[in-house]
Amino acid sequence: MVQGEHRAATVSLSRRSLLRFAGSALLPTPSVTFTDITARAGLSHARNVSGSSNDKKYLLEEMGCGVALFDYDNDGWLDIFLVNGEGLTSYLFRNNRDGTFSDVTRKAGLTHIGWGQGCCVGDYDNDGFPDLFVSYWGRNVLYHNNGDGTFTDVSEKAGVAGAADRWGAGCCFLDYDRDGRLDLFVANYVQFDRARAPLPGSSLYCRYNEIGVPCGPQGFSGGSNLLYRNRGDGTFEDVSERSGVANPRGIPAAPFVTQGWRPRGSYGMGAAVADFDNDGWPDIYVACDTAPSLLYRNNHDGTFTETAVAAGCAFDENGVALSGMGVAVGDYDGDGWLDIARTNFTDQITILYRNNGDGTFHDASLRAGLGINTKYLGFGVVFFDYDNDGWKDLFIANGHVYSQLASRKLHLTYKQPSLLYRNMKGVRFEDVSSRAGAAVQIPRVGRGCAFGDLDNDGDIDIVINNLDSPPTILRNEGGNHGNWLQVKCIGTKSNRSAIGARVSVRIGDRKLIDEVMSGGSYYSHNDLKLHFGLGSSKKVDVVEVAWPSGIKTSIRNIDANQSITIEEKPDV
């Protein structure tokens with residue numbers, strides 16, 4: 001079933017015109033800027049709180065929170081969920097369809113108080129309404145969407161609350177066994193006890209440029225990642241050990257140590273799930289902080305094998321384990337294989353792992369032009385086509401972790417501008433931040449960020465969850481001068497959210513791909529509806545969906561500049 005929304009007038013193009021798009025003649029560099037509409041949208045009061053604003057003492061206070069863009073009430077407009085920190089509720093803002101949002105947090109029942117971290121969305125019970133998972137320092141929370149604008153905390157009943165001493169980080173819904181029911185993966189950062197944590201400057205791991213700063217992550221034991229299997233009755237089974245994700249390197253847990261020895265561990269932060277080897281089964285990538293990152297290969301039998309070192313995506317090109325924060329997944333070079341971007345610490349470059357076409361990767365960061373901004377500390381990161389030219393661009397939300405830098409005149413700053421890189425036809429990225437509007441260049445302590453078309457105008461907007469500040473909503477101005485298509489997938493035999501579905505859009509000899517993914521970026525969740533920039537083309541030859549069930553659905557001759565909905569059914 002295909003349904004069109006926000007349909008625009010169409011003009012038929014010749015075969016020659018379509019091939020011109022497939023070749024080198026794309027739209028010229030567009031005049032696209034981003035405008036900060038946070039105040040106008042009504043979100044200025046939604047301040048993130050994470051310990052002391054001026055003099056942070058603990059690792060926990062530095063890391064910030066994520067953001068999710070999802071249509072919780074199924075009215076066709078994206079809503080905004082902002083995770084909050086110390087002792088406060090998070091925020092849910094309902095889209096009023098006029099550029100403003102209403103705070104419906106309490107009305108929706110999202111009243112859990114804790115120290116929030118990440119979030120992800122998926123319809124785990126296949127009832128047609130997206131559910132929400134939030135990771136915490138402490139016990140995690142699963143909110144069931146009741147379908148009437150409210151949510152119910154079912155964490156304990158569902159069996160996913162976890163232990164009180166864990167530090168939940170990035171999370172993703174996925175159907176790892178392809179049974180049509182969404183399972184749940186949760187990365188865990190470190191074993192942290194604020195009552196026992198040392199103070200800034202008290203050990204080797206608590207100093208930076210001779211400045212006393214919060215300790216960690218070195219000196220803390222790494223956390224164990226979690227995988228929950230959906231039983232289909234509203235509950236989940238913890239299969240972390242049996243599946244192989246809990247102890248990927250065979251390293252036993254270790255106690256906290258303050259001096260002289262650093263226990264090894266995974267230090268999981270950002271997480272992303274996608275089919276990296278094109279075998280039809282979801283794999284899991286975890287960005288790890290000061291440790292080799294992880295790639296869990298799906299063995300098709302309910303287990304995973306950790307292969308990041310052999311696959312070339314654990315270290316940088318020099319074999320160094322960097323301070324991984326956020327993860328973005330997308331086919332930036334248009335070869336039909338998903339690539340990975342990972343943000344890192346100051347004086348480290350943003351890593352771009354290019355897929356070799358067999359599920360292994362090589363570090364293409366410097367060749368792609370991402371080595372020019374090493375003074376920034378990156379967190380949230382997304383692949384998205386901001387100018388609708390048919391190539392995935394890259395956005396990074398930056399901000400340092402050490403508040404102590406704010407009062408010192410160093411080459412580094414605490415608040416930092418965001419970065420926007422334009423994709424130059426899959427070969428390299430150009431830093432266009434200075435041309436993207438003043439709002440992109442304003443220094444912030446950026447953390448989680450997510451993308452989606454908030455105003456349904458055909459170009460992609462961005463929301464950043466800033467540490468100790470209100471969020472930033474960046475409205476895309478002019479991206480819809482290029483043509484576009486948005487695709488919403490609904491599973492029937494597969495999970496209803498269609499997470500794991502691979503969508504390809506063919507225009508002449510060129511094929512664009514993307515995958516429906518839950519979670520990603522840094523502790524955040526992007527719109528499940530997929531967006532494709534089409535450049536100058538006003539018609540799509542074929543849209544094909546390869547569903548997790550193995551079914552394939554194809555539709556042909558689709559007009560550009562509309563959102564379509566494709567329901568899972570086999571081709572006739």
Side-chain angles (χ1 to χ4, degrees), residues 23-34 270 272 287 293 312-313 315-320 322-335 337-357 360-399 411-412 416-437 440-441 446 449 451 460 462 474 476 479 482 512 520-522 533 535:
S24 60
L26 300 181
L27 293 176
T29 302
S31 176
V32 180
T33 59
F34 288 87
S293 291
C313 55
F315 306 104
D316 69 1
E317 64 178 0
N318 298 311
V320 177
L322 304 180
S323 299
M325 305 294 182
V327 182
V329 175
D331 180 16
Y332 83 92
D333 54 357
D335 65 353
W337 295 79
L338 293 173
D339 311 297
I340 300 171
R342 195 187 75 210
T343 51
N344 297 296
F345 203 77
T346 296
D347 296 325
Q348 302 172 357
I349 66 174
T350 296
I351 293 290
L352 179 66
Y353 293 117
R354 182 178 183 272
N355 199 315
N356 294 321
T360 67
F361 301 83
H362 70 270
D363 184 343
S365 314
L366 293 177
R367 184 176 182 181
L370 298 183
I372 63 174
N373 289 305
T374 59
K375 65 181 179 179
Y376 300 130
L377 199 165
F379 276 87
V381 56
V382 292
F383 277 117
F384 76 125
D385 188 355
Y386 81 96
D387 52 3
N388 283 347
D389 69 348
W391 297 92
K392 294 286 187 183
D393 310 298
L394 194 63
F395 180 87
I396 302 172
N398 297 307
H411 70 292
L412 302 174
Q416 299 177 348
S418 300
L419 291 171
L420 178 63
Y421 291 99
R422 186 174 189 239
N423 189 332
M424 307 302 289
K425 303 177 186 176
V427 176
R428 63 180 181 86
F429 289 87
E430 177 189 8
D431 182 355
V432 296
S433 311
S434 62
R435 306 200 300 271
V440 172
Q441 302 172 68
C449 73
F451 71 81
I460 297 299
I462 302 170
L474 296 176
N476 189 320
L512 312 177
S521 183
Y522 176 75

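We're numbering straight along the sequence, starting at 1.
The two atoms that bring Gly390 and Asp385 nearest to each other are N-OD2, 2.7 Å, heavy atoms only. Of all heavy-atom pairs spanning Asn423 and Lys392, the tightest one is ND2-O, 2.7 Å. The shortest heavy-atom contact between Ala287 and Gly324 is CB-C, 4.1 Å. Residue Ala272 comes nearest to Val327 through the heavy atom pair CB-CG1, 3.8 Å, listed as atom of the first residue, atom of the second, then distance. Considering every non-hydrogen atom in both Cys449 and Gly380, the closest pair reads SG-C, 3.5 Å. Nearest heavy atoms, Ala328 versus Val381: CB-O, 3.5 Å.
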Test log, rule side-chain contact (heavy atoms from CB on, under 4.5 Å), inputs Lys425 and Asp333: CA-CA 7 Å; Lys425 303 177 186 176; Asp333 54 357; over 6 Å; no

Criterion side-chain contact (heavy atoms from CB on, under 4.5 Å) on Phe361 and Ile340, from CA distance to verdict: CA-CA 9 Å; Phe361 301 83; Ile340 300 171; 3.8 Å; yes

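Of the listed residues (Asp339, Asp331, Asp335), just one forms a salt bridge (charged side-chain N to carboxylate O under 4.0 Å, His left out) with Arg354, and that residue is Asp335.
A donor-acceptor contact closer than 3.5 angstrom is absent between the side chains of Arg342 and Thr350.
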Name each donor-acceptor pair under 3.5 Å that joins a side chain in residues 367-375 to protein atoms two or more places apart or in another chain, with its distance.
unit_1: Asn373; atom_1: ND2; unit_2: Tyr421; atom_2: OH; d: 2.8
unit_1: Asn373; atom_1: ND2; unit_2: Asp431; atom_2: OD2; d: 3.2

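Put simply, the side chain of Leu322 does not reach to within 4.5 Å of the side chain of Phe315, judged on heavy atoms. Side-chain contact between Tyr386 and Val432 is present, with heavy atoms from C-beta onward closer than 4.5 Å. With contacts defined as side-chain heavy-atom distances shorter than 4.5 Å, the pair Arg422/Asp387 qualifies. In this structure, the side chains of Ile462 and Phe384 come closer than 4.5 Å at one or more pairs of heavy atoms.
In terms of modelled atom types and a separation under 3.5 Å, the side chain of Thr343 and the main chain of Gly326 share a donor-acceptor contact. Within the 3.5 Å criterion, the main-chain N or O of Val382 finds no donor-acceptor partner in the side chain of Ser521.
Taking Thr360 as the reference, Asn356, Asp358 meet the side-chain contact (heavy atoms from CB on, under 4.5 Å) condition, with sequence neighbours excluded. Applying the side-chain contact (heavy atoms from CB on, under 4.5 Å) test to Arg428 and every residue at least two apart in sequence or in another chain returns Met424, Glu430. Residues forming a side-chain contact (heavy atoms from CB on, under 4.5 Å) with Ser365 (at least two apart in sequence, or on another chain): Ile349, Ile351, Leu352, Asp363. In this structure Phe429 satisfies the ring-ring contact (aromatic ring centres under 6.0 Å, His included) test together with Tyr332, sequence neighbours excluded. With sequence neighbours excluded, no residue forms a side chain to side chain donor-acceptor pair (under 3.5 Å) with Thr33.
One finds the CG atom of Asp393 at 9.5 Å from the CZ atom of Phe383 (value rounded to the nearest 0.5 Å). Put simply, NE2 on His362 and CG on Asn355 are 9.5 Å apart, with the number rounded to the nearest 0.5 Å. In this structure, Leu377 CG and Ile396 CD1 are separated by 11.0 Å, a value rounded to the nearest 0.5 Å. Rounding to the nearest 0.5 Å gives a distance of 8.0 Å between CD of Gln348 and CG of Asp316. The CZ atom of Phe379 sits 9.5 Å away from the CD atom of Gln416 when rounded to the nearest 0.5 Å. For the atom pair CD1 of Ile460 and CG of Leu474, the computed distance is 13.0 Å after rounding to the nearest 0.5 Å.
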